[in-house]
Amino acid sequence: MVKFIAYTYTVAVLLLLSSCIADPKDNHSISSSDKKQILFFTDQKMMEKESIYYDALLDLKKQFPEEMDNMMIYQADNPESKRFNIKTYPSIIVMDHDGIILHIKGSVSTKDEIVEPVSEVLSE
């Protein structure tokens, strides 16, 4: 029963975030503007580890709706995972035109371990 609830919750969060999934035809380069780009790398095999990430992403969407609307989500088999050398899932990268500013990866204990550093970076 717990697995069913966790699975249902995860599917609901994915549906909420589905508007953020990147079009594979897009050129994902970061422009020279001051905008920061959020990249979320997910692996369906690790759904139980990702629930905290989804909670954090929902909180961040409330605080930074514009930045989160531009978030890109990549599955583990996407070539972007290799481009960014992603070996640990889930992972969140925040970057700007100069490169990676923040990289959070793997298991975390609380959503605040994600929300606080991402909020700080996006507020700068």
Side-chain angles (χ1 to χ4, degrees):
M1 182 67 175
V2 173
K3 286 184 181 181
F4 175 74
I5 292 170
Y7 178 76
T8 304
Y9 176 75
T10 302
V11 169
V13 170
L14 285 174
L15 289 173
L16 284 172
L17 295 173
S18 66
S19 65
C20 302
I21 295 177
D23 182 353
K25 298 175 195 157
D26 287 346
N27 179 5
H28 304 303
S29 62
I30 301 300
S31 69
S32 60
S33 73
D34 290 335
K35 289 191 177 188
K36 295 177 177 85
Q37 179 69 55
I38 300 167
L39 309 175
F40 178 54
F41 296 88
T42 179
D43 186 348
Q44 290 180 342
K45 298 173 192 165
M46 308 225 168
M47 288 294 202
E48 62 280 347
K49 285 184 177 180
E50 294 184 356
S51 64
I52 292 175
Y53 278 77
Y54 296 130
D55 286 343
L57 291 171
L58 288 172
D59 283 2
L60 289 164
K61 187 163 179 72
K62 290 176 193 172
Q63 293 176 355
F64 303 96
E66 186 176 318
E67 291 85 346
M68 295 304 290
D69 282 345
N70 294 326
M71 179 179 74
M72 294 183 187
I73 300 173
Y74 298 105
Q75 296 295 325
D77 59 354
N78 189 297
E80 292 295 310
S81 295
K82 289 181 183 173
R83 176 179 165 210
F84 289 99
N85 199 26
I86 303 297
K87 295 179 182 166
T88 305
Y89 295 89
S91 286
I92 292 177
I93 290 178
V94 181
M95 60 187 303
D96 64 9
H97 64 280
D98 290 329
I100 295 174
I101 303 168
L102 176 68
H103 186 178
I104 300 170
K105 57 186 172 183
S107 295
V108 294
S109 300
T110 67
K111 67 180 177 181
D112 289 336
E113 292 179 54
I114 300 167
V115 173
E116 289 175 9
V118 173
S119 295
E120 187 177 318
V121 167
L122 292 178
S123 295
E124 294 176 347

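In what follows, every heavy atom counts, from backbone to side chain, and hydrogens, waters and symmetry copies are set aside. Because the structure is a prediction, the values reported are computed rather than measured.
The two residues Tyr53 and Gly106 come nearest to each other via the heavy atoms OH-O, 2.7 Å. Of all heavy-atom pairs between Ile86 and Ser91, the closest is CG2-OG, 3.9 Å.
Ile73 CD1 to Ile92 CD1: the interatomic distance, rounded to the nearest 0.5 Å, is 10.0 Å. Atom-to-atom distance recorded for Ile93:CD1 and Leu102:CG is 9.0 Å, nearest 0.5 angstrom. A distance of 11.0 Å separates CD in Gln75 from NZ in Lys45, rounded to the nearest 0.5 Å. Between Leu60 atom CG and Glu116 atom CD the span is 10.5 Å, to the nearest 0.5 Å. Remark: Asp77 CG to Lys82 NZ distance equals 9.5 Å, nearest 0.5 Å. Between atom CG of residue Asn78 and atom CG of residue Asp43 there is a gap of 12.0 Å, rounded to the nearest 0.5 Å.
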Report task. Could you please spell out the steps behind the side chain to side chain contact (heavy atoms under 4.5 Å, CB included) verdict for Asp69 and Lys61? Result -> CA-CA 8 Å; Asp69 282 345; Lys61 187 163 179 72; 2.6 Å; yes
Requested in this report: Go through the steps to decide whether Glu67 and Val94 satisfy the test side chain to side chain contact (heavy atoms under 4.5 Å, CB included), and finish with yes or no.
Outcome: CA-CA 10 Å; Glu67 291 85 346; Val94 181; over 6 Å; no
Requested in this report: Please test Lys111 against Asp59 for side chain to side chain contact (heavy atoms under 4.5 Å, CB included), starting from the C-alpha separation and ending with a verdict.
Outcome: CA-CA 9 Å; Lys111 67 180 177 181; Asp59 283 2; 2.9 Å; yes
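Residues Tyr74 and Pro79 have side chains not in contact (no heavy-atom distance under 4.5 Å, counting atoms from C-beta outward). Considering only heavy atoms from C-beta on, Phe84 comes within 4.5 Å of Met95 through its side chain. Annotation: side chain of Lys105 is not in contact with side chain of Phe41 (no heavy-atom distance under 4.5 Å). In this structure, Gln63 and Val115 have side chains that are in contact, with non-hydrogen atoms separated by less than 4.5 Å.
Using modelled atom types and a 3.5 Å distance limit, the side chains of Ser81 and Tyr89 yield a donor-acceptor pair.
Between the side chain of Lys36 and the backbone N or O of Glu124, at least one donor-acceptor pair lies under 3.5 Å. A donor-acceptor contact shorter than 3.5 Å links the side chain of Glu113 to the backbone of Thr110.
Under a cut-off of 6.0 angstrom, the local environment of CD in Gln44 is sparse, with at most 12 non-hydrogen atoms contributed by other residues, nucleotides or ligands.
Salt bridge present: Lys35 and Glu66 bring a charged side-chain N and a carboxylate O closer than 4.0 Å.
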